[in-house]
Trainee: 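Following this message is one structure expressed as structure tokens.
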Amino acid sequence: MRLDDAPFARVLDTLARLGSLESEQGAPVARALDRAGLLGHARRAGWTALPAFDVLARALSTAELVGAGLARLDAGGMRPQWPAHRLLIPWTAEAGAEQEHKRTFARRSLLPPDERYPVTIWPPRAARAWPASDRRGGAGEGCA
């Protein structure tokens, strides 16, 4: 399921609004960043938190959630995709770069590294378009 620019931009704007590090939804991620000494940098860089799945499901359509790689559909219905990857890092394409979307996000887990799971999760198809140095650790796997 592919999202065009307008719905994808709506997803990004909704994530930024709901996942603010100053919000109730962003508080656990903000605390983890603070413990790591990264909270100031995260705020300046516009990092946010992935809101709880029920909050996302009320704010975004199924097509938006699945198209952005935040959810998957299976026999049991819609389920969160990579729920432990709660840190959202915004990315903007450089001028003239050929990207599917000019804006996207990377999702990182704040849990200790585990070789069974990718380090970074990208929305579907975004993993092909963004720099390889930012895709290490299985970026984009399991997002489609």
Trainee: Would you mind reporting whether R86 and R108 have side-chain heavy atoms less than 4.5 Å apart?
Mentor: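 Counting from C-beta outward, R108 and R86 never come under 4.5 Å.
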Trainee: Within a strict 4.5 Å, meaning less than it, do heavy atoms of the L50 and L70 side chains meet?
Mentor: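 The answer is yes, as the side chains (C-beta and beyond) meet within the 4.5 Å cut-off.
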Trainee: Are side-chain heavy atoms of R17 and T14 found at a separation under 4.5 Å?
Mentor: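 Yes, side chains in contact.
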Trainee: Looking at R58 and D54, is there a salt bridge between them, counting it only when a charged N and a carboxylate O are closer than 4.0 Å?
Mentor: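 Judged by the 4.0 Å cut-off on N to carboxylate O distance, D54 and R58 do form a salt bridge.
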Trainee: So do the side chains of M78 and F53 get within less than 4.5 Å of each other, counting heavy atoms only?
Mentor: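 Counting from C-beta outward, M78 and F53 do come under 4.5 Å.
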Trainee: Please work out which of the three classes, parallel, tilted or perpendicular, describes the rings of F8 and F105, given edges at 30° and 60°.
Mentor: parallel
Trainee: Measuring only between side-chain heavy atoms, which start at C-beta, is L15 closer than 4.5 Å to P51?
Mentor: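 Yes - at least one pair of side-chain heavy atoms lies under 4.5 Å apart.
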Trainee: Given side chains that start at C-beta, do those of S109 and Y117 come closer than 4.5 Å, heavy atoms only?
Mentor: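 They are not in side-chain contact.
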Trainee: Do W82 and L111 belong to the same hydrophobic cluster, where Ile, Leu, Val, Met, Phe, Trp and Tyr are linked whenever their side-chain heavy atoms lie under 4.5 Å apart, directly or via other members?
Mentor: no
Trainee: Does E115 CD have over 12 foreign heavy atoms under 6.0 Å away?
Mentor: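 Result for CD/E115: open.
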Trainee: Counting N and O atoms only, with roles assigned by atom type, does the side chain of H85 sit under 3.5 Å from a partner on the main chain of W122, one being a donor and the other an acceptor?
Mentor: no
Trainee: Check whether any side-chain heavy atom of L18 sits under 4.5 Å from a side-chain heavy atom of Q25, and report yes or no.
Mentor: no
Trainee: Quick one: do L87 and W91 end up in the same hydrophobic cluster if we chain Ile, Leu, Val, Met, Phe, Trp and Tyr together by side-chain heavy atoms under 4.5 Å apart?
Mentor: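 Yes, because L87 and W91 connect within a single hydrophobic cluster, where side-chain heavy atoms sit under 4.5 Å apart.
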Trainee: Quick test of your reading: applying ring-ring contact (aromatic ring centres under 6.0 Å, His included), list the pairs with at least one residue in residues 61-81, sequence neighbours left out, ordered by first then second residue.
Mentor: none
